[in-house]
Structure formats: structure tokens, C-alpha cells
Amino acid sequence: MASNSTPDKGISRRVALAAASTVGLTAVSLSTGLPSAEALPDLPALPAEGASASGAGGPSRRAGGWHRYVQGPSSRTVRPVRITTSTGDVKNPNALLKPGGARSVLRRPQPAAAPTWPAGTTAEASSAHAGNNGNDGQPRTYDAGNAVDGNPDTFWNDDTLGVFPDVLTITAPQVTPLKGITVISNSDGVPTDYTVDVWTDGDWHTAATVTGNDAVQKAVPFAEQVSTDRVRITVTHAQDTSHGNFTRINEVWPAPVEPIPIPSVTVDFGKVVVGYPQIRFTSASANSPGVRVAFSETRQFLTDRSDFTRADQAGGAGGGTDQFAVPAKGANWTDHKGFQAGDKVFADGLHGFRYLKISLDALASDSPAAQPWGTVEIDSVALQFTAYVGTPSTYRGWFLCSDDELNRYWYGAAYTNELVTDTFRQDDVDPRNAWSATLEGKLVLQDGAKRDRDPYVGDLAVSARTLYLTHDDAAAAARNVLADLADHQRADGWIPPASIGNYTLPLFDYPLYWVTCSWDYVLYTGDRQYATRYYPALLKVLDTWYPSVTDDAGLLSKGLNGTGGYGDYAFLGRTGRVTYYNALYVQALQNAAELARLLGQQADATRWTTRADNVAQAVNSLLWDASSGAYLDSSTGAVRHAQDGNSLAVVTGIASADRAASALAHLDATTKRPYGNAFMDNDTIFDQASQRVYAFTSYPEVEARFLTGQAESALDQIRRMYGWMDKNDPGITHWEGIGPNGSLYEDAYTSMAHGWSTGVLPALTNHLLGARPTSPGYATWEVRPRPGGVDWATGQLPTPHGPLGVEWENSAGVFRLTVHVPKHTQGSVSFPGDSRGQRVSVGRRTLWDGRRASSRDVTVADGTVTVAGLGAGDHSFVSELRGN
């Protein structure tokens, strides 16, 4: 972990090279005799801050530079890039892409009145779901009679989840001639396979069979007209949705009525965007035609419903889409949350999506304010982007290397994080009691772009590091979250994970992330004032709450002090001594000790360091599984081994070198998937757990592999996991979780742009490029490249004192490294390779010849050569195999 080391007073007598110009490096040597960078003319200069690294030569001059990888929009008005599909009567769909030209026109004739059953018709079913308050909070029933009541907003819902057949029987008061029927169903529960029987000649006879249906309105004609007073529908399969695998039938009409195709256009923004959709309607017919707008991050889950709406989650209006009734004179409509007129025509407001589908349609409940027919003329579609706009000029930190895929993943992570760096607004946040007056109007790091728009402190363990390394001007987004959660600390010391549930969501691990993220914030920004202000919260959570859930072995044990029902980052049913909780506890104690030393609280630092050592020893004594060569997930329940606990045991130093190698080998042998490494090695915690990948818990595993000299293994895991997300819809952004066979782990509900999944960015900057702070505000830093098979890398880290620039090239046994150091900082550089066969030089002077060092600033530990005491200016080194 980073250390809060004291600056060396001898720095002025060591290496202090003058700052270079942007054209070439010019420097002087001081008393150490180290030559200036002029002695190495073949090492190119670092580009000026914000400049493109382009041209021929070394790593900073590769063609194209890093600017071309930046994904953020050039302005807050974002327009779609293509039309994916159009259906029904649509003229000029491509006109939606460019304002001010030709217009798109959607037309739909007024439908005929729906056929009705004779008065007195009844229905009964094999089962019916019990009534409840529904999505809108109003009492409703799901009885069979809803299928013949003439109201398409009510429906029959069977009560046998995933069990078939489900039977609906309709009885008319007299014999009626039928040419067929029409089945109207819900888009989130369409009956796919069913038979239709009619009662004739004293028995049931099959009149029609339907298979593979996906239509909400399905006309079912009979081979010939029949006269009957009873119709029976036997459903043998229905769509399996997030609402459950039930049969849902809204209406059955006594005639086969083919639906009039709904005019629709789907636009593609090219990647996930977030903000307020805008549609410029230029005119409409005089009957207030309605439009319904559906959103989705993926084409797979783009239907006539959005993949997610806060209205659905809150039990409100909307029918899964945003609605607008178009006036005859047209309108420039911005999709803000609220009703257009009274309680009619609802829109949900802000959305995170890639695909937007506009349909000329209206909810039956919105009549007569909006009608599902008429003519609508549209000029264009756009989005008012609300999140952080990341352009090349805003990047204070950047990265570029010889591997194009890694570059894409780094900037994909940056863009993902930009999407969740947004203002906390009451209308946009998670509707489950997450709004807080103390956060309103402040810049925060949200959970996801489309969903759970609430700042969770665990996510900051990754997303905040990503923010500090790209846009340090937005670091307040992390501070605002950390400060607000500390301000809502419970009397017993527990710190809430987020504002959701009015700051009451019971998570066991997230107060520890508040500690680690507070240290990260101070480490990267140097904000001592924050550390001083919230040090009492640190004392209370570590010395009051966590001791209340500590057992007699000194380990955290979930279940103590009423925590049996507490969750964690994935709401897993883990109890007792869990390796992950205790490894995270060690990390929090280590980080807290650093904060204590910063503030001169040595007694606290000593106490927490001692406790961390004791917890680490107990983890090794009680949670190591020698038979598997890995740490147990938990000491209770089925035997399994988790990615989170084993990875953190390595990162925190709990694991010895031998155990670290063994644990990582176990993860590779049991969890390796084409789309990453799964977070469990078996399915004992839930079905298919061994097929689920979280980038959140994969980040510490990637770190662990870099830290233990397994750079190629770390890069392999990055390429499998981030490569999968990059190549699959929606592309570019990083997913909340990946399920079996690389699927969306929670189907449409899955967030496809999630800040906690951006760990590839700090992993590549801190470990591949190799630069990171070692004391608050980069007062001290280290550069320790771990190149793996990458030929060259260059980048810049933003610090409170100016940019820290690094570039290196690894070719044919020669490793060239240049570091640009900002004023008021000092640090060290370490070289990859085995010191015994290595020669390290600066200019014509040899610093290490494979056996001896020429300066006390040069040390060797664990086979790695390190040069310390580097101050402001530019420093260039060459490390090569002896004999080259």
C-alpha cells in the first residue's frame, strides 16, 4: 500500500534536473554527477500538457496520439448517429439525424372499435394472482374477469410462477358465431404457446394452435366459423421476464383483429449517453396524437418498453415508456419528469441509453389527452447531456501504449466514469427514498448512468480512482459523497453506504470502503482539511462499530450485533467469518493508520496497525484452506473460495508470497471464463455464481497479479473481460456484471455503464505505466512499470503540483524510462527485470552494474533496482541486460 514517507532532506545533493522545454530536454547535473537528459537524445520529450502525442519516434510520438480514443461528446447537445429500424407508416426516417432539413412523418389511421362479448359474458381461470397495489400504488385485481371487461389496462395474471398449463375459460350467455379470437397481452408476459378450444356438440374441440408468439395483439383465426358459448385458452408457455414467468392476458376479443402496425423509428446514439432526450415536433394532426418513447442501452432489450424506468421502480405511471401528446402546431419537447396535463401523459425525464424508439401510440389511460393515431411530423432528435463532458482539453491525466485494445479500454473506462459524474437532482435520482437535501445540486459520482442513480461509497473504491487519474478538477464529486455519508453516520458509528432508503440500507462492508476511499481521496488530492474534518467519523466507525461485530478471534463476523440481515456489494447470503470482509478490514485499518500519521495521531496509527496485523494473522490461521491452496469464502456453510477475499488478501499483504501465488493459481484454475474471471469458484452461494463476473471484484485480482509479477496474467484477464464488453452491445462502456456465457447478468435491469467497473484505468496507470502517489497530494510518488508484453507506454497523472509524466519503451532487452517530475514532489523509479543480470544507467554513468550501486540513492530489494530521490525536472534512464 502507499506510504506516508518523510521527504528526504538530502534531495538537493542528489538528482535535481531542470525542467525541459517541450521541444527537447535541457537539464543540468548537480553534485551527484548524474548527466542531464541531453545525453540521451534518442529518448523523445514528453508532449506539453494537453498536447496530442503524435508523430514518429518514441512512445509519446506514435501516430494518432491519445486524443482519438476520447469518447466524450464535443458539446452538451448530442445527436444520434444512425437509424437502426423503422416500422409501419414512416416517411423519411433518416431525417431525424439532422435538424432543419427534411422531416420525418409518422402516420397511423384511427382504429375501429374493438369487438365486444355479449353482455353477461364471464371468465374463470385455473388460478389468479392475489390483488395488490400494482405499479401505480392503486389497488388492483388480477382476476379472470379482467380479460373480458373491455379495459386493456386490466389483466388476468395466473398464480403459478413458471408452472403450466394455465387455463382461461370464457362463457357467453348465449351461443355466438366466432371466426376466431384476438388475444391482447402484456409486453412483459406474452403467452407464447397456447391452444384455443371451443365447446361444440357437447365437448371441447381445438379450433386453433399458437406457437412461438411474441405479439402483444395476436389475431387467432379459426379454420372455419363456429357457433359456441364457451372458449378455452390453454397456455403452455409464456415469456419469462423480470416480473416473473406468469401468463398475463389483458383482453380476449370475440373476433380475429389484425393489429395496425405502430409507426416507429429507432435511433442509435452510437454508445451509451445520459441526459434529457429532446424531440422537435414541427406539426401534428388536430387530435392530440401521442408518442411513446422507449429507451435501452442494448438492442436486445429494446422493445415497446424501456429497459428501465424510474417510474416502474417507484410504482408510478408510465407503462414502461415516456409519453407526449403532440399539439397541432408542434413543440420542442424536452423529456423532463412529470405529467403533461393533470395525471395524464407521463414522462420519466433523464435516461441513460444508447437506443431510443419513438412510436406513434398512446396509453389507453391517457385518453383523451393523447390518442394512439393521427399524424406526427418530426424535425430531429437530440439529447441534452447532463454528465461530465470529457474532451481532450479536460483530461488532466491520460494514457497511451502500444496495445490499441488497452487504449480503448482505458478511455472506455474514462467515458463510463464521466457518465456517472453528474449533479444530484431530485427528479433524476433513485426513487427508493434516495433524495437528500444535503446532496441536492452537488456534483457526485452516481452508481450507474441509467439505474441506481445514487452515490454508493463502495463504487468509489474504483470510480473515484478513475476520476482522480483523469479529471482531477471533478474530485469534489468524490468528496461530496464521502462527506455527506460521514455527516449521516449513525450514533453507533456505522456509516451508511448511500442515501438510498433515507441512509438506512444495511450493508456490512461499505463502511470499510468509506475508510479506504477517504484515504484514496486524501492520497490523490492532498486535502488535509477533509482528513481533519472527518477524522472523528473514522475513529467512531473503526473503534466503535466494527469492534461490535468482532468475535473472540479478532475477526469480523457477520451476524453479531444484529447484522445477520446485512448485505454487501452483491447482497450475498454470507455469514460468520468471511475472508473478504476481514481482508477489506485490514486494508481499512492500514489506510486509517496512514491518515492518523498524516494528522500526527501516532497512538491511533499504532493501534490500528497492530489490529490489522492481528486480523491478518487470524485470517491466515482460520480461513486458509490448505487442501485447495486458497482462502475460504467463509468459515461457515459450504466450502467455496471467492475472488474478492483471495484478491484482497494478496493486495493487502495478508498472503505470503507462496500463498499469494497459490491463491491466484486457484482462481485461474477454477474461475477463468472467456469474459473474465468469475467471482466464485462454485455455485454453492447461488445458482451459476461460478459463471458471474464482476469487474468490481476483478479489479483487486488484476492488481494482485500485477503486484506479484504476473503482468501477462493481469493483461490476459483485462483483455478477456474488457474485450468482451468492448466488442458486445452497447460497446465502449463497462457493465455492472456479466452473467453465464457473457450475458447481461440481470437482463434488461443490468446497468451497462457502471463506474465500479472502470478498474482497468487505475490498473493500467498505476501498474502497467507504473505511476502512483505514495503520500498525500503526490508529495512522494513511485514509478514501477510492469510492462508484461507491452512494447511501450506513456502517460500523465494529474497532481496538485502539476502533471507527473511517464514514458517507457521495452525492446530487445533494453528498457528506457523518462519521468517528468512536478515541483515540490520527489519520488523513485524501479526497473522491471532481475537485478543480477541488469545494468541501469543514466547517460554515460552506470548506476547499477548487476552487483554494485554507484550511489546510495540506488537500492535493490527482491531483485528489483530502485533509484530514489528524484526531484523536479526530467530524468531519463536505460536498463539493459548485461552484455547487450
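Everything quoted here is computed from the prediction, not taken from an experiment.
Side chains of Asp427 and Tyr276: no donor on one and acceptor on the other come within 3.5 Å. The closest side-chain donor-acceptor pair between Asn287 and Ser285 falls under 3.5 angstrom. Defined by atom type and a distance below 3.5 Å, a donor-acceptor pair is missing between the side-chain atoms of Ser127 and Asp159. Side chain to side chain, Asn132 and Tyr142 meet the donor-acceptor criterion of an N or O pair below 3.5 Å. In summary, the side chains of Ser104 and Glu377 do not present any donor paired with an acceptor at a separation below 3.5 Å, with no hydrogens or angles considered. With hydrogens and angles left out, the side-chain atoms of Asp149 and Thr154 include a donor and acceptor closer than 3.5 Å. Under the 3.5 Å distance criterion, with hydrogens and angles disregarded, a donor-acceptor pair is assigned to the side chains of Thr386 and Asp422. Side-chain atoms of Asp452 and Ser751 form no donor-acceptor pair, as typed in the model, at a separation below 3.5 Å. A donor and an acceptor atom, one from each side chain of Thr87 and Ser264, are located under 3.5 Å apart. A donor and an acceptor atom, one from each side chain of Thr750 and Glu736, are nowhere located under 3.5 Å apart. Side-chain atoms of Gln340 and Gln323 form no donor-acceptor pair, as typed in the model, at a separation below 3.5 Å.
Thr176 places none of its side-chain heavy atoms less than 4.5 Å from the side chain of Thr228. For the pair Trp253/Ile184, a side-chain contact is recorded, criterion being any heavy-atom separation below 4.5 Å from C-beta on. Side-chain contact between Asn92 and Asn94 is absent, with no heavy atoms from C-beta onward closer than 4.5 Å. Side-chain atoms of Val265 and Leu96, non-hydrogen and from C-beta on, do get closer than 4.5 Å to each other. Side chains of Asn151 and Asn146 form no contact here, defined as non-hydrogen atoms less than 4.5 Å apart. Residues Asp158 and Phe164 are not in side-chain contact: their nearest non-hydrogen atoms beyond the backbone lie 4.5 Å or more apart.
Aromatic pair Tyr745/Tyr694: centroids less than 6.0 angstrom apart. The aromatic ring centroids of Phe324 and Phe281 lie less than 6.0 Å from each other.
The side chain to side chain contact (heavy atoms under 4.5 Å, CB included) test applied to His237 returns Thr192, Asp193, not counting sequence neighbours.
The shortest non-hydrogen separation linking Val257 to Thr182 is N-OG1, 2.7 Å. When all heavy atoms of Trp199 and Arg230 are compared, the pair lying nearest together is NE1-NH2, 2.9 Å.
For the ring-ring contact (aromatic ring centres under 6.0 Å, His included) with His351, the qualifying choice from Phe385, Phe308, Phe295 is Phe295, the only one to do so. Of the candidates Leu178, Asp197, Val226, Val231 forms a side chain to side chain contact (heavy atoms under 4.5 Å, CB included) with just one, namely Leu178.
When the shell of 6.0 Å around CD of Glu224 is examined, it contains 12 or fewer heavy atoms from other residues, nucleotides or ligands. Heavy-atom contacts from other residues, nucleotides or ligands closer than 6.0 Å to NZ of Lys727 number more than 12. For Asn741, the CG atom sits in a loose shell: 12 or fewer heavy atoms of surrounding residues, nucleotides or ligands are nearer than 6.0 Å.
Comment: Asp304 does not engage Lys357 in a salt bridge, judged by the lack of any side-chain N to carboxylate O separation of less than 4.0 angstrom. Taking 4.0 Å as the cut-off between side-chain N and carboxylate O, Lys344 and Asp366 do not count as a salt-bridged pair. A salt bridge links Arg292 to Asp361: at least one charged side-chain nitrogen sits closer than 4.0 Å to a carboxylate oxygen.
Cation-pi geometry between Arg451 and Tyr749 is met: the NZ or CZ atom falls under 6.0 Å from the ring centre, inside 45° of the normal. Annotation: cation-pi geometry satisfied between Lys271 and Tyr415 (NZ/CZ under 6.0 angstrom from ring centroid, within 45° of ring axis). Taking the ring centre of Trp204 as origin, the terminal cationic atom of Arg232 falls inside the region bounded by 6.0 Å and 45° from the ring axis.
The backbone N or O of Tyr355 lies less than 3.5 Å from no partner atom in the side chain of Arg299, so there is not a single donor-acceptor pair. Remark: side-chain polar atoms of Asn213 are paired, donor with acceptor, to backbone N or O of Pro191 under 3.5 angstrom. Side chain of Arg453 to main chain of Ala449: a donor-acceptor pair is present (N/O by atom type, distance under 3.5 Å, no hydrogens or angles). One N or O on the side chain of Asp268 and one on the backbone of Gly270 form a donor-acceptor pair closer than 3.5 Å. With hydrogens and angles disregarded, no donor-acceptor distance shorter than 3.5 Å links the side chain of Gln278 to the backbone of Leu383.
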(request) Check the pair Asp428, Lys337 against salt bridge (charged side-chain N to carboxylate O under 4.0 Å, His left out), reporting the backbone distance first and the verdict last. (result) CA-CA 8 Å; Asp428 305 341; Lys337 181 180 177 180; over 6 Å; no
